[in-house]
Amino acid sequence: MYVFLFLLLTSLALAQSPAFDLVITNGHIIDGTGSPWYSGDLGIRDGKIAAIGNLSAAPRQRTIDAAGKVVAPGFIDMLGQSELTILVDPRLPSKIFQGITSEITGEGNSIAPLNDAIIQSDRVGYDHYKITSDWRTFRQYFARLEMQGIGINVADYVGATQVRRMVLGENDVQPTPAQLDQMKALVRDAMKDGAVGVSTALEYAPAPYAKTEELIALATEAGKFGGIYSTHMRNESDSVLEGIDEALRIGREAHIPVEIWHLKVAGKANWGRMPEVVAKINAARAAGADVTADTYAYTAWYNDFSAFIPAWAHDGGDAQLVERLKDPAAREKIRKDMLTPSKDWDNEWQEIPGPEAIMIGAVQNPALLPMQGKRLSEIAKLWNKDPMDTLFTFLIQDPTAGVAVFGMSQPDVTLALQQPWVAIDNDSEGTSPEGILGQAHPHPRAYGTFPRILSKYVREEKALTLEDAIRKMSALPAQRMRLTDRGVLKAGMWADVVIFDPATVHDRATFDNPNQLSEGMDYVLVNGVPVIDRGKMTGALPGKVLRGAGYVP
């Protein structure tokens with residue numbers, strides 16, 4: 001009797017409550033926490049999850065029947081790189097077809113702050129995308145995003161490299177106390193503008209010129225505003241453990257949580273060392289260090305082709321690098337350094353089995369477009385040069401080119417992915433098979449990371465459970481980034497939701513043919529609005545700028 005009265009009263013209450021904009025019925029709800037699926041209806045109103053339960057009697061404008069499908073939180077890309085491409089195509093097709101509803105970005109070189117010297121130095125990139133850099137601060141950049149509309153939610157780090165460039169340029173110099181104060185002030189301003197933390201990319205000049213103490217000073221400022229310190233470590237190969245030590249020291253002395261981006265052990269000589277890395281991070285966590293990591297779970301990384309060149313040769317920026325590559329004496333010194341094994345810098349030439357392990361990705365010199373997708377070994381034959389001379393010649397023609405580098409082992413990659421404190425990142429800009437973005441040759445992770453993990457590592461290899469994979473894509477990154485109103489399916493949270501069939505979702509992008517959208521996301525909702533509806537892109541732009549805890553309106 002009491003149960004009947006309760007159900008009757010519940011039904012009456014639902015019937016009298018405001019109508020839902022949308023109700024998702026009959027799905028297997030995997031809420032993001034790692035818990036097993038449960039059945040229920042999910043009601044959305046005004047962009048948020050308003051109720052979960054039996055909503056059969058509730059009025060609504062639309063119903064989505066998710067029978068046989070998983071209903072999960074939208075995926076959060078822990079390193080997205082879309083700062084510029086979101087201005088080219090704000091829908092970000094490569095992201096939403098993976099189920100990505102939020103992106104965290106800003107790796108060392110962030111979109112702001114900007115000055116005229118940096119804009120001039122980066123002119124090739126702006127011109128390539130036909131973007132007018134009409135912002136100077138994060139506040140201005142975020143205003144531009146909000147004015148144009150964006151397809152997913154976006155959060156940005158302020159890059160330590162960017163701050164260094166603002167004050168010291170591209171040069172291999174150390175800041176005076178007054179200059180360091182300027183850099184710290186820029187971090188404070190960025191945090192007040194809404195940045196979520198401070199980041200480093202310590203492999204790419206001019207970042208290697210920064211000493212640990214400089215990074216501690218900048219991270220300390222971000223920490224005061226509730227920020228995170230995220231890092232592409234100084235070394236991911238022979239000195240990977242030392243790289244972790246530096247990241248931990250920065251976190252400890254700056255009183256700031258640490259995120260290690262794209263956790264890896266690079267180079268054939270280091271294959272099999274991931275258990276050491278895992279043990280080191282587990283020990284640090286056991287001792288109280290707030291350190292986590294993320295991965296894209298491919299065995300090839302993707303970075304600047306110029307990263308093969310030692311840091312000293314980048315002093316002064318790309319123009320100076322090109323001059324050194326043209327100078328016979330400097331070129332010979334660069335060659336000698338690359339041929340000499342060293343733990344003092346991340347020498348990628350020593351990490352690859354040979355030039356066939358380097359695939360040319362995106363180029364910005366139109367004359368080199370035919371080289372996209374070719375291996376360095378192929379180009380060396382075409383140009384009738386030895387592989388290293390081919391690399392130097394290529395960089396003279398295009399110092400901003402990107403490459404995929406095949407330098408990791410699958411067991412190491414899988415072990416990293418399985419760690420409970422490892423989330424997922426794309427480490428690629430949002431892109432599209434169409435238009436100017438479709439002319440590039442990206443790493444396939446740009447289109448495939450999240451569905452590939454669901455198909456390869458969950459469905460086929462059973463290296464992860466479906467519930468844990470979704471946790472790594474939603475609640476874990478939301479927790480790390482302090483996104484307290486996202487990442488879990490729960491009443492009151494923003495309605496970032498994906499609906500897919502776990503038996504069929506898959507990636508299509510390959511290294512040879514990367515510009516292919518993933519398949520299997522039937523619905524993707526961003527703030528309650530479908531950006532994918534019945535498997536088709538809607539063109540809606542309901543994304544929001546996600547500002548950090550230190551934001552001052």
Side-chain angles (χ1 to χ4, degrees), residues 81 85 89 92-95 97-98 100 128 262 264 266-268 295-305 307-308 348 351-383 385 387 390-391 394-395 397-398 400-410 412-414 424-457 459-461 504-521:
Q81 314 281 20
T85 57
D89 186 346
L92 297 183
S94 67
K95 300 273 178 176
F97 278 93
Q98 294 182 64
I100 294 167
H128 175 74
H262 44 65
K264 66 171 72 74
K268 195 162 185 180
T295 178
Y296 44 80
Y298 286 80
T299 54
W301 63 84
Y302 187 95
N303 61 7
D304 298 340
F305 202 5
F308 278 87
E348 292 193 16
E351 296 166 17
I352 57 171
E356 70 282 355
I358 303 172
M359 175 184 272
I360 305 300
V363 300
Q364 295 189 344
N365 179 345
L368 294 172
L369 281 170
M371 300 298 114
Q372 288 187 159
K374 286 186 164 51
R375 306 292 180 123
L376 181 62
S377 50
E378 295 176 69
I379 300 170
K381 285 180 185 171
L382 278 173
W383 291 359
K385 294 177 182 288
T390 304
L391 187 156
F394 201 104
L395 288 175
Q397 296 179 50
D398 190 343
T400 61
V403 288
V405 183
F406 296 81
M408 289 178 271
S409 78
Q410 187 60 60
D412 284 336
V413 169
T414 302
I424 312 302
D425 74 84
N426 237 40
D427 197 12
S428 290
E429 60 193 22
T431 187
S432 169
E434 304 167 351
I436 190 171
L437 299 180
Q439 296 171 14
H441 191 101
H443 191 301
R445 68 191 184 192
Y447 287 89
T449 299
F450 287 73
R452 181 172 182 267
I453 288 170
L454 295 172
S455 58
K456 174 180 169 66
Y457 294 99
R459 190 168 68 231
E460 296 166 15
E461 299 180 3
T504 59
V505 64
H506 68 283
D507 58 314
R508 295 176 61 228
T510 65
F511 283 97
D512 292 322
N513 188 10
N515 289 300
Q516 301 187 82
L517 296 166
S518 287
E519 294 181 339
M521 288 294 156

(message) Once side chain to side chain donor-acceptor pair (under 3.5 Å) is applied, do any residues pair with Glu348, and if so which ones, sequence neighbours excluded?
(response) Trp301, Asn303
(request) Report the residues that fulfil side-chain contact (heavy atoms from CB on, under 4.5 Å) with Glu378, sequence neighbours left out, ordered by chain and then residue number. (result) Lys374, Arg375
(message) Could you check whether any side-chain N or O of Gln98 sits under 3.5 Å from a backbone N or O of Ser94, counting only pairs where one atom can act as donor and the other as acceptor?
(response) yes
(message) Within the 4.5 Å heavy-atom criterion, are Val413 and Lys264 side-chain neighbours or not?
(response) no
(message) Which residues pass the ring pair (Phe, Tyr, Trp, His ring centres under 6.0 Å) test with Phe97, not counting sequence neighbours?
(response) none
(message) Taking atom NZ as the centre, does Lys456 end up with more than 12 heavy-atom neighbours from other residues, nucleotides or ligands that are less than 6.0 angstrom away?
(response) yes
(message) Is the shortest side-chain heavy-atom distance between Ser428 and Gln81 below 4.5 Å?
(response) no
(message) Please report the interatomic distance OH(Tyr296) to CZ(Arg452), rounded to the nearest 0.5 Å.
(response) 11.0 Å
(message) Using the ring pair (Phe, Tyr, Trp, His ring centres under 6.0 Å) criterion, which residues pair with Tyr302? Sequence neighbours excluded.
(response) none
(request) Could I get the full list of side-chain contact (heavy atoms from CB on, under 4.5 Å) partners for Ala509, not counting sequence neighbours? (result) Pro444, Tyr447
(request) Answer yes or no: is there a side-chain heavy-atom contact under 4.5 Å between Val405 and Phe308? (result) yes
(request) Would you mind listing every salt bridge (Lys or Arg N to Asp or Glu O under 4.0 Å) that reaches into residues 505-517, with sequence neighbours excluded? (result) Arg508-Glu519
(request) Answer whether the closest heavy-atom distance between the side chains of Gln372 and Gln439 falls below 4.5 Å. (result) no
(request) First locate atom NZ of Lys268, then atom CZ of Phe406, and finally report the distance between them rounded to the nearest 0.5 Å. (result) 14.5 Å
(message) Can a donor-acceptor pair be found, under 3.5 Å and without considering hydrogens, that links the side chain of Glu429 to the backbone of Pro442?
(response) no
(request) Please tell me if the side chains of Thr431 and Thr85 come closer than 4.5 Å, counting only heavy atoms from C-beta onward. (result) no
(request) Starting at CD of Gln516, measure out to OG1 of Thr510 and round the result to the nearest 0.5 Å. (result) 6.0 Å
(message) Donor-acceptor check, side chain of His443 to backbone of Pro514, threshold 3.5 angstrom: yes or no?
(response) no
(request) Would you confirm whether Asp425, through its side chain, and Thr295, through its main-chain N or O, come within 3.5 Å as a donor-acceptor pair? (result) yes
(request) Taking Arg459 for its side chain and His506 for its backbone only, find out whether a donor-acceptor pair lies under 3.5 Å. (result) no
(request) Applying salt bridge (Lys or Arg N to Asp or Glu O under 4.0 Å), name anything that partners Asp89, two or more places apart in sequence or on another chain. (result) Arg91
(request) Please name the pair of heavy atoms, one in Gln410 and one in Tyr457, separated by the smallest distance, quoted to 0.1 Å. (result) NE2-OH, 2.8 Å
(request) Quick one: pull up CG in Leu376 and CE in Met371 and give me the separation to the nearest 0.5 Å. (result) 11.5 Å
(message) Nearest 0.5 angstrom please: Leu382 CG to Thr390 OG1, how far?
(response) 9.5 Å
(message) If the condition is ring pair (Phe, Tyr, Trp, His ring centres under 6.0 Å), which residues does His262 pass it with, not counting sequence neighbours?
(response) His232
Please output the side-chain donor-acceptor pairs of residues 353-365 that fall under 3.5 Å, not counting sequence neighbours, one pair per line with the distance.
unit_1: Gln364; atom_1: OE1; unit_2: Thr400; atom_2: OG1; d: 3.3
unit_1: Asn365; atom_1: OD1; unit_2: Ala367; atom_2: N; d: 2.9
unit_1: Asn365; atom_1: ND2; unit_2: Gln397; atom_2: O; d: 2.9

(request) Can you sort out the partners of Ser409 under side-chain contact (heavy atoms from CB on, under 4.5 Å), two or more places apart, ordered by chain and number? (result) Trp271, Pro411, Asp412
(request) Of all the heavy-atom pairs spanning Phe394 and Ala401, show the shortest one and how long it is. (result) CE2-CB, 3.8 Å
(message) If I take atom CD from residue Glu434 and atom CG from residue Asn515, how far apart are they, to the nearest 0.5 angstrom?
(response) 10.5 Å
(message) Test: salt bridge (Lys or Arg N to Asp or Glu O under 4.0 Å). Region: residues 437-447. Which pairs qualify, not counting sequence neighbours?
(response) Asp427-Arg445
(message) The criterion is ring pair (Phe, Tyr, Trp, His ring centres under 6.0 Å); which residues satisfy it with Phe450, sequence neighbours excluded?
(response) Phe75
(message) Which heavy atom of Pro433 sits nearest to which heavy atom of Leu517, and what is that distance?
(response) CG-CG, 3.9 Å
